[in-house]
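Down below is the structure, laid out as structure tokens.
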Amino acid sequence: MNLLGFASSMDLVAWRGLVFTVFILHFVFACQLLLLQPLVSALDGKPGDAAELFGRVSQSIKVKRYSEALDDLNTAIEADPTLSEAYWHRASILRQLCRYEDSENNYKKFLEMKPGNSAAEKELSQLLQAQSALETAKSLFDSGDMTKPLHYIDKVVLVFSPACSRAKLLKVRLLLAAKDYSGAIAETGYLLKEDENNLDALLLRGRAYYYLADHDVASRHFQKGLRSDPEHSELKKAYFGLKNLLKKTKSAEDNVNKGKLRLAVEDYKAALALDPNHLAHNIHLHLGLCNILVKLGRGKDAVSSCTEALNIDEELVEALVQRGEAKLLIEDWEGAVADLKSAAEKSPQDMNIREVLMRAEKSLKLSQRKDWYKILGVSKTASVSEIKRAYKKLALQWHPDKNVDNREEAEAKFREIAAAYEVLGDEDKRTRYDRGEDIEDMGMNTGGGGFNPFGGGGQQFTFHFEGGFPGGGFPGGFNF
């Protein structure tokens, strides 16, 4: 009895399992019928249902839900491999996405079913043009040509494949190479609207903000990408490169504030070496470095740094002023005046620039006057007796009667020597000369028919030499 009861119990369980399995199978089949009803109806030749399918596909394409459209078409073709229109629609979507190989296969499949369809043949031709243009653009980009590829992308690829992410990303890279950072930001904005986690778009958009020196926004883009993929090599390189640049820049500025100017110079140079192409940031680094070098008296190096800043922005007034100061250090008076005049014209209300310009103009004027000390061969601290001895020696050497063979040169030289002595031999005139006053302001005139030691006014000089000179002595009464 127990055995019979046990057998009956086992039969009951088996029957229950069988019933449950049949129920599940019927449930799945019913779901398939419900979900695939529009597509299956198309197999029955109901044009209304096929129209509904393609209408839904078109709507998905309008809102750029290409994956949904492809899913619908894939399901329809799986249900009815003879549904030719589905192949055509699928080919068109794949062409727009620049999945060219798959697209070409679908066009060919459709044309096998509907040979001679001119519209499909035209689209297939467009596909081949877009595919060739994208390959050409990529090849040109890889070879370093950053101008021609943009034409292929805009005029061919994105016309026939408007949803091609590869082409759009290549376009952004071309815009970055052309320094069109605003354009790159706009293009990547469209890509991120379609997929906010597009890592390539985040990277390239971050770079555009970086090269505009909008470092906070750039950093946020790099960080967002790294949250999605912490090991993304290019995002890591961009993010940590930016952090290092900002760290070096801050170190330089801190050392300036602490008065550690030589350390600041090294920090500025290190920051500049990190990314020579980051012009929007480097212009400030060059200017900061120039400023420090001027303070350190390193005029030549300062001129070089300020010139780098002006190569980036020739209208930068502060760089013109600093370069003018640097040129004063290396006694390039004309160059200093030219830079400071340009700065004053750009900023006419800045009195500090005017003051430096006046100093430069005075230095230029002083540099253009005769150096009486040099003419007499004495230092600026020479005593009156040293000046007199030097004058006597040179006057004897260049007496015209003693230089018969080169009398004209000797006369010119003697005039110059006599003029130098007239200024430096007079305490009041020498003091005024040392202050930078013009010779003309002292009543002197060394040009043309002005000061003449041989007569006609002014101090007269007569030299009596032992044994005499041919032709007699000097006019006047200076006796040794």
Side-chain angles (χ1 to χ4, degrees), residues 211 213 245-371 373-374 379-381 433-438:
Y211 282 117
L245 176 66
L246 296 178
K247 182 180 177 181
K248 284 291 182 186
T249 302
K250 187 175 186 306
S251 178
E253 292 167 350
D254 288 346
N255 279 322
V256 171
N257 294 331
K258 293 174 185 176
K260 299 178 179 179
L261 302 187
R262 287 177 175 79
L263 287 177
V265 168
E266 297 308 312
D267 283 335
Y268 274 123
K269 287 182 176 179
L272 283 165
L274 291 174
D275 187 354
N277 296 318
H278 193 358
L279 303 185
H281 185 67
N282 289 353
I283 188 171
H284 302 295
L285 296 178
H286 285 302
L287 187 58
L289 179 57
C290 177
N291 196 318
I292 300 306
L293 291 169
V294 168
K295 290 179 180 178
L296 290 171
R298 292 167 57 180
K300 186 177 179 181
D301 292 335
V303 168
S304 177
S305 290
C306 273
T307 300
E308 290 289 349
L310 288 164
N311 287 340
I312 298 171
D313 181 3
E314 62 182 9
E315 299 296 315
L316 191 60
V317 172
E318 191 177 352
L320 284 168
V321 174
Q322 287 297 317
R323 190 170 71 174
E325 293 268 22
K327 287 180 178 179
L328 288 176
L329 291 174
I330 59 175
E331 300 185 357
D332 178 5
W333 316 118
E334 291 183 358
V337 169
D339 280 345
L340 292 165
K341 273 187 176 179
S342 180
E345 288 170 2
K346 297 178 191 304
S347 185
Q349 305 304 319
D350 193 321
M351 298 311 297
N352 291 327
I353 297 176
R354 290 285 176 187
E355 184 180 333
V356 181
L357 174 58
M358 288 174 63
R359 178 157 54 89
E361 287 175 332
K362 183 177 180 180
S363 296
L364 175 59
K365 202 167 189 179
L366 290 175
S367 73
Q368 292 172 337
R369 70 179 183 169
K370 287 186 179 294
D371 186 343
Y373 290 103
K374 185 176 180 180
S379 70
K380 293 182 179 180
T381 58
Y433 173 77
D434 288 343
R435 285 202 301 261
E437 295 183 24
D438 290 336

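In what follows, residues are counted from 1 in the order of the sequence shown.
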Quick test of your reading: applying side-chain hydrogen bond (donor to acceptor under 3.5 Å, both in side chains), list the pairs with at least one residue in residues 279-293, sequence neighbours left out, ordered by first then second residue.
T249-H281
Closest non-hydrogen atoms of L261 and K295, given as atom of the first, atom of the second and distance, are CD1-CB, 4.1 Å
How many angstroms lie between atom CD of E325 and atom CG of L340, to the nearest 0.5 angstrom?
7.0 Å
Mind listing the closest non-hydrogen atom pair of A252 and A264 along with its distance?
O-CB, 3.7 Å
For the CD atom on E361, are there more than 12 heavy atoms of other groups (residues, nucleotides or ligands in this structure) within a distance under 6.0 Å?
yes
Closest non-hydrogen atom pair between L320 and D339, with its separation
O-CB, 3.6 Å
Rounded at 0.5 Å granularity, tell me how far NZ in K260 sits from CG in D267.
10.5 Å
L287 vs L316 side-chain heavy atoms within contact, under 4.5 Å
yes
May I have the step-by-step check of side-chain contact (heavy atoms from CB on, under 4.5 Å) for V303 and T307, ending in yes or no?
CA-CA 6 Å; V303 168; T307 300; 4.0 Å; yes
Mark yes or no for whether S251, through its side chain, and K248, through its backbone, hold a donor-acceptor pair below 3.5 Å.
no
If I take atom OG from residue S342 and atom CG from residue L310, how far apart are they, to the nearest 0.5 angstrom?
8.5 Å
Find out whether V317 and I353 are in side-chain contact, i.e. whether some heavy atom of one side chain is under 4.5 Å from a heavy atom of the other.
yes
Can a donor-acceptor pair be found, under 3.5 Å and without considering hydrogens, that links the side chain of N257 to the backbone of E253?
yes
For the atom pair CD1 (I292) and CG (D301), what is the distance rounded to the nearest 0.5 Å?
13.5 Å
Heavy-atom donor-acceptor pair, S363 side chain to R359 backbone, under 3.5 Å
yes
Under a 4.0 Å threshold between the charged nitrogen and the carboxylate oxygen, would K250 count as salt-bridged to D254?
yes
On a heavy-atom basis, the closest approach of R298 and L329 is N-CD1, 4.5 Å
Measuring from atom CG of N352 to atom CG of L357, what distance do you get when rounded to the nearest 0.5 angstrom?
12.5 Å
Heavy-atom pair with the smallest gap, counting every atom of A326 and A302
CB-CB, 3.6 Å
Donor-acceptor under 3.5 Å (S347 side chain, A343 main chain)
no
Should the pair H278 and Y211 be assigned to parallel (<30°), tilted (30 to 60°) or perpendicular (>60°) ring geometry?
perpendicular
Heavy atoms from other residues, nucleotides or ligands near NZ of K380 exceed 12 (cutoff 6.0 Å):
no
Just wondering, do Y268 and N255 contact through their side chains at under 4.5 Å, heavy atoms?
no
Distance from K346 atom NZ to K341 atom NZ, nearest 0.5 Å?
14.5 Å
Between L245 and A271, which heavy-atom pair has the shortest distance, and what is it?
CD1-O, 3.6 Å
Could you give all pairs that pass the disulfide (SG to SG under 2.5 Å) test and reach residues 294-337, with sequence neighbours left out?
C290-C306
